[in-house]
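Notes follow once the structure below has been shown.
All values below were derived from every heavy atom in this structure, side-chain atoms included, with hydrogens, water molecules and symmetry-related copies excluded. Residues take their numbers from the sequence shown, with the count starting at 1.
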Amino acid sequence: MKQNSTINQEKAPIVYIDEVLSRAGCSIIEQDNRYVKIKANGEKVTLTNFIIIPIEIVQMDNEAQFKVEFHTTSDKSIRKILYTSDFTSTSKFKSALNRNSIDLIYQGNDHDLEIIKDIISKKPYAVKTGVSYVGMFKKASQYVFVSDTKSIDKNGSIVDDVVIMETAKCISTELAEVQPIDSVGLAQLSKFLFKFNILPITATIIGFSASCFLKEKLWQSGRIKHNYLIITGESGSGKSETVENVIMPIFAATNCTISSGQITRFVNARMSASSNLIPMIITEYKPTKLNKNRMDEISDLLRNAYDRTPAYRGRPDLILNEYQPLTPIIIVGEMGFDETAIRERSLEVLFSKANIRDEIIQRRFKMLKRRSRELRMLGRSLLNQALKIEPDELIRRHRAIEERINLSLPSRVKNSIANCMQGLLLLKDVYDSLNMNFEKQVGYSIQELFNSVLSGVHDYLLDGQNEAKGSIEKILEVICRMEESGVLIRGNDYQVINQGTELALNISPLYDKFTKYVREHNILDVEVLSLPQFRKQLRTKEYFSDYKTVRFNTANSADKPVKAYTLDIAKLREILDISALVE
């Protein structure tokens, strides 16, 4: 590796005869902290009031930044970050010189700049690898943690040759500066770690937070996708306080929150690409107060982040910048999501004022808030364990957890539960590393926490069902509401047949009434499919029975045979409350 240069204190000219300094009949030398051009006739022309001492170059695949020190004729030393693109023209170079400073003067042309660049390139400087995000970076076969200030390996040693690019800094953390927790601090923290709210909420939040430290390793080792966390509940139920006093301290995080009202496509792209470990926290999610564009941007972000689908932004020079969404995501608001694809990719917890009014929970939460230092230290210990754990062990754990989960749950929901449990097992590793009994310290076994996470998924995410409701189920729910509102006519729009075992739907007139009802009542949480798509998807449902002739009353005649879609009532009742239609 090239080493940092030693500043030359002598005033004698430094002449590079054999380093491409004599071109087109002239040469450039360094003299008295200036670049001086010597013309063919011997005339000297001062080009600058500085010379450039390179310190280090940080390289990525498509970008490089140059940390340099300018030594001026007035004996000032000015440090700057330059980019290789700053040397492509005189105008760009002057613009870079004037960035945060007016002390530097350049009077040369493009050709002179090329020669100066050649002089700089021949001097010694360190060469480092650039990273465009905070978090886990795989260097050769080992992972290092890259923060704003330094990079560390699994032993806590500083890694000098890996740094974050200046242009990539957005979400930031002080984790690398924090000391790991000791047994005394962890024992104090354990009294409140899972007791600041009801257990399904605390187990999910702590498990998700810890799983963020494994996000990149899970993806790299097994293409395991990481879910997001949705924190919902009424105003004043403690959501924001929990984020600020529990979640953020674990990550020693700064600049990681953004209000949903500030969301734009570029903000999403930029922020979600700036970390693969520290979560991006979107607060004040209130769908009723957000316009459609904001809602769509948030929805797109969640979909893209789960699958790591990159976003692209064009530059004036016609080059596309790629932003791959890497960060874990937490959504905080009074309402959750009704979109099935998003719900199945998430874990959800529901806060309630009734819980925080409990005096014991209140006292424990206040005590945990005072343990911000210990939470930060716990985060550092989680990071250390995440750096040390072998990818094969993560895959083994993931498969073992998924085998214990109800087979009827959707695969994405099972994956979310397994991720959360991975986080709790990583937390247990911290206790094991300090020779502390996890169950005795926190008051719960891993099995009890596992059951609580499952309970939260069942109650908060799936609304008591084994799977999230899809588009067809939501449409059928609205149809039930239409019957309760007196919009439908039994015998015309639907019939109960075969001794009360089947529900027959007169699809064409019924679906027209449904689309009109959705439009007139401004129902936003239901996707209105086209009639052919509704018919096609309805046929694939396990409760679909047959497509056959059933007698209905129509506008033109009574008791007319019509082709109808029939549904098995017993199977449908397992998913939906259809009592309005069948009783």
Side-chain angles (χ1 to χ4, degrees), residues 55-61 63-65 67 79 81 126-140 142-181 208-220 226 243-244 246-258 270-281 305 323-330 372-389 423 426-427 430:
I55 299 172
E56 67 181 29
I57 188 168
V58 182
Q59 298 174 328
M60 285 181 58
D61 291 339
E63 188 179 2
Q65 69 182 34
K67 183 183 287 187
R79 288 204 172 192
I81 298 292
V127 179
K128 299 185 178 182
T129 300
V131 180
S132 63
Y133 50 81
V134 167
M136 293 283 192
F137 173 72
K138 193 173 185 180
K139 181 190 177 188
Q142 298 296 319
Y143 284 89
V144 298
F145 174 71
V146 184
S147 76
D148 312 66
T149 55
K150 61 184 176 182
S151 301
I152 56 174
D153 62 16
K154 65 180 181 181
N155 300 314
S157 302
I158 295 176
V159 180
D160 285 325
D161 59 346
V162 178
V163 298
I164 190 169
M165 302 289 287
E166 288 293 322
T167 54
K169 291 181 178 179
C170 183
I171 291 177
S172 57
T173 176
E174 298 171 351
L175 267 181
E177 312 296 330
V178 178
Q179 291 298 312
I181 198 165
F208 173 85
S209 298
S211 74
C212 294
F213 291 85
L214 300 171
K215 182 179 188 292
E216 188 64 18
K217 276 195 173 182
L218 287 168
W219 173 260
Q220 294 288 349
H226 195 261
V243 169
E244 293 169 9
V246 180
I247 297 176
M248 289 179 64
I250 289 175
F251 297 99
T254 56
N255 301 328
C256 68
T257 62
I258 183 170
R270 180 80 171 79
M271 202 165 180
S272 66
S274 65
S275 172
N276 63 11
L277 190 154
I278 311 302
M280 173 182 176
I281 304 174
Y323 297 89
Q324 188 174 54
L326 303 172
T327 181
I329 296 176
I330 299 175
S372 174
R373 176 173 172 271
E374 285 81 4
L375 284 170
R376 288 162 62 93
M377 296 171 73
L378 174 62
R380 175 58 191 269
S381 294
L382 287 168
L383 172 62
N384 289 352
Q385 292 301 317
L387 285 167
K388 291 175 182 177
I389 193 168
L426 184 70
L427 177 63
V430 173

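Residues satisfying the side-chain contact (heavy atoms from CB on, under 4.5 Å) criterion with Val159, sequence neighbours excluded, are Lys139, Val144, Ser151, Asp153, Asp161, Val162. Residues satisfying the salt bridge (Lys or Arg N to Asp or Glu O under 4.0 Å) test with Lys169, not counting sequence neighbours, are Glu166. Remark: Ala386 pairs with Met136, Phe213, Leu214, Leu426 by the side-chain contact (heavy atoms from CB on, under 4.5 Å) rule, at least two apart or across chains. Take Ile158 and apply the side-chain contact (heavy atoms from CB on, under 4.5 Å) test, not counting sequence neighbours, and it matches Lys150, Asp160. Annotation: ring-ring contact (aromatic ring centres under 6.0 Å, His included) contacts of Phe145 (sequence neighbours excluded): none. In terms of the side-chain contact (heavy atoms from CB on, under 4.5 Å) criterion, residue partners of Ser272 (sequence neighbours excluded) are, by chain and number, Met280, Leu301, Pro325, Thr327.
A 4.5 Å side-chain heavy-atom check between Ile181 and Glu374 finds at least one atom pair inside the cut-off. Looking at heavy atoms from C-beta onward, Asn276 lies out of side-chain contact with Trp219 at the 4.5 angstrom threshold. Contact of the Thr257 side chain with the Met248 side chain is registered, since non-hydrogen atoms from C-beta on lie closer than 4.5 Å.
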>> For Glu63 and Thr167: C-alpha separation, side-chain torsions, deciding distance, then whether side chain to side chain contact (heavy atoms under 4.5 Å, CB included) applies.
In response: CA-CA 10 Å; Glu63 188 179 2; Thr167 54; 3.3 Å; yes
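Glu216 has no carboxylate O lying under 4.0 Å from a charged side-chain N of Lys138, or vice versa, which leaves the two without a salt bridge.
Formation of a donor-acceptor pair under 3.5 Å by the Ser381 side chain with backbone atoms of Val430 is not found in this model. With hydrogens and angles disregarded, a donor-acceptor distance shorter than 3.5 Å links the side chain of Thr173 to the backbone of Ala252. Side chain of Lys217 to backbone of Leu387: a donor-acceptor contact under 3.5 angstrom is found. With Arg380 contributing its side chain and Ala176 its backbone, the two residues share a donor-acceptor pair below 3.5 Å.
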